[in-house]
Amino acid sequence: MNAIVSTAMNVTEFERALRSKGQYYHIHHPYHRSMYSGQCSPEQVRGWVANRYYYQIMIPRKDAAIMANCPDAEVRQQWLQRILDHDGHDGDPGGIEAWLCLAEAVGLTREEVIDQRHVLPGVRFAVDAYLNFARSVTWQEAACSSLTELFAPEIHQSRLDSWPQHYPWIEESGYHYFRKRLSEARRDVEHGLAITLAHFTTAPEQARALDILQFKLDILWSLLDALTMAYSHKTPPFHTVTDQKIWHRGL
C-alpha cells in the first residue's frame, strides 16, 4: 500500500506518480518476456490466448458497471465507446471477435476458447475480482483502475514487432487486435487520466488512486502467475490428484 503523505501532489506530480507504476506492468513478467523474445512454445502461446479471452470478455461488462454507477451523461457518452470497441458496432466486429481471430491464428478453435475449457481457476478468480471491484466502488475509482492503459500501447507494439519474427506459424490475420488497440488505448487513457487527475485531489485520495492502479496491476500480474504454473512449471490445477483437467467448464 502507498504511504499517505500530508500534502497533495500537484497535477504534474500526481500524473508522474501514476505513470511510475509502469514498472509493475505485466510486460515485465517473465511469461511476457518469454513471449516477446520468442522463447514460448506453441502450447504456452495458446494457453495465454485462451486464458486472456476470459479477461477480454469481461472488459465490456466492467465498462458497463462503470456507466451504471456514473450519473454524468457526458462521461457515459464517452465511456460507451469502450463497450462498442469490444462488442462491435456499425460493421466493426469489435475486439472480442478480433481476439477470437487471434485464437484461430495460433491454432485454437473458436469452440474451445468460447466455452472456456482452458481457463485456469487463478485466472478466473483474478478477473472476477476485477469485475466485482468495478461494480462495488465509485465510478471514478473504477475509471482509475483502467489506467493500466497508460502502458498498453508499448505491450501491443512489442507483440507486433516481435511475434511475426519469432512465431512464423501464427497467421497474419491474428494481429488485427493488437493493431486495433494501439489507437484505442491511447484515446481511452486520455479520458481515464483526465477523470483521475480531476477527482483525486487530496493526499489521501491520491494515495487511494495509486493503490487502485496497483490493484489492477496485481490482477494482470496474477493472470501470468497462473499461466506460469500451468504452462511453464507444468503444475496445472489439481495435477497432484488427477490427470483430468477438472477445472474445465462444466466438469
Side-chain angles (χ1 to χ4, degrees), residues 1-2 18 21 24-26 50-89 94-100 113-116 118-152 177 181 184-185 187-202 204-227 247 249-250:
M1 180 176 292
N2 298 286
L18 291 165
K21 288 289 187 179
Y24 303 112
Y25 192 50
H26 62 166
N51 275 271
R52 180 77 181 193
Y53 174 78
Y54 189 66
Y55 177 84
Q56 299 302 129
I57 61 174
M58 289 300 179
I59 292 175
R61 294 178 62 183
K62 174 267 300 182
D63 289 327
I66 293 174
M67 291 178 61
N69 289 331
C70 178
D72 189 319
E74 183 177 351
V75 171
R76 293 198 305 270
Q77 289 167 358
Q78 288 185 263
W79 209 271
L80 176 62
Q81 185 61 49
R82 296 172 183 248
I83 296 178
L84 298 177
D85 287 341
H86 282 84
D87 284 345
H89 66 102
I96 293 174
E97 173 61 25
W99 195 267
L100 288 170
V113 176
I114 291 172
D115 70 15
Q116 303 171 22
H118 301 299
V119 178
L120 299 164
V123 169
R124 192 180 299 276
F125 186 84
V127 174
D128 289 351
Y130 180 40
L131 179 59
N132 290 332
F133 173 84
R135 287 170 168 168
S136 62
V137 299
T138 68
W139 69 269
Q140 295 98 332
E141 290 175 318
C144 176
S145 72
S146 73
L147 288 184
T148 48
E149 290 173 332
L150 283 166
F151 324 115
Y177 177 86
R181 287 303 298 163
E184 292 174 354
R187 179 207 64 211
D188 291 346
V189 78
E190 291 180 7
H191 187 212
L193 182 60
I195 290 171
T196 300
L197 295 176
H199 179 74
F200 298 88
T201 57
T202 68
E205 289 170 346
Q206 290 172 346
R208 169 66 172 160
L210 291 168
D211 282 342
I212 289 170
L213 183 51
Q214 185 62 57
F215 163 76
K216 174 63 180 306
L217 291 163
D218 291 347
I219 292 290
L220 296 174
W221 198 273
S222 295
L223 304 186
L224 295 178
D225 283 347
L227 286 164
W247 67 89
R249 181 185 177 192

Counting only heavy atoms not in Phe133, do more than 12 fall under 6.0 Å of its CZ? yes
Are side-chain heavy atoms of Tyr24 and Leu213 found at a separation under 4.5 Å? no
Taking the side chain as C-beta and beyond, is there a heavy-atom pair between Asn51 and Arg124 under 4.5 Å? no
To the nearest 0.5 angstrom, please state how far the CG atom of Leu217 sits from the OG atom of Ser222. 10.5 Å
Heavy-atom side-chain proximity of Arg187 to Asp85 below 4.5 angstrom: yes
Test your reading of the model: is there a side-chain donor-acceptor pair from Arg61 to the backbone of Leu131, 3.5 Å cut-off? no
Does NZ or CZ of Arg82 lie under 6.0 Å from the centre of the six-membered ring of Trp79, at an angle within 45° of the ring axis? yes
Report yes if some heavy atom in the side chain of Leu147 is under 4.5 Å from a heavy atom in the side chain of Val189; otherwise report no. yes
Hey, what do you get for CD (Glu190) to CG (Leu150), rounding to the nearest 0.5 Å? 10.5 Å
What I want to check is whether the side chains of Gln56 and Tyr177 have a donor and an acceptor closer together than 3.5 Å. yes
Straight-line distance of Cys144 SG to Lys216 NZ, nearest 0.5 Å: 10.0 Å
For residues Leu120 and Phe125, determine if any side-chain heavy atom of one lies less than 4.5 Å from a side-chain heavy atom of the other. no
For the side-chain contact (heavy atoms from CB on, under 4.5 Å) test, which of Ile57, Leu220, Val113 pairs with Arg52? Leu220
Do Glu205 side-chain atoms and Thr202 backbone N/O form a donor-acceptor pair below 3.5 Å? yes
Going by heavy atoms in the side chains, are Leu197 and Leu18 under 4.5 Å from each other? yes
Would you say that Lys21 contacts Thr148 through its side chain, given a criterion of any heavy-atom pair below 4.5 Å between the two side chains? no
Hey, is the main chain of Val137 close enough, under 3.5 Å, to the side chain of Glu141 for a donor-acceptor pair? no
Asp218 and Tyr130: side-chain donor and acceptor closer than 3.5 Å? no
Rounded to the nearest 0.5 Å, how far apart are CG of Leu193 and CG of Asp188? 12.0 Å
Ring-face cation of Arg208 near Phe200 (centre distance under 6.0 Å, axis angle within 45°): no
Could you tell me the separation between the CG atom of Asp72 and the CD atom of Gln78, rounded to the nearest 0.5 Å? 9.0 Å
Between Tyr54 and Leu223, is there a side-chain heavy-atom distance shorter than 4.5 Å? no
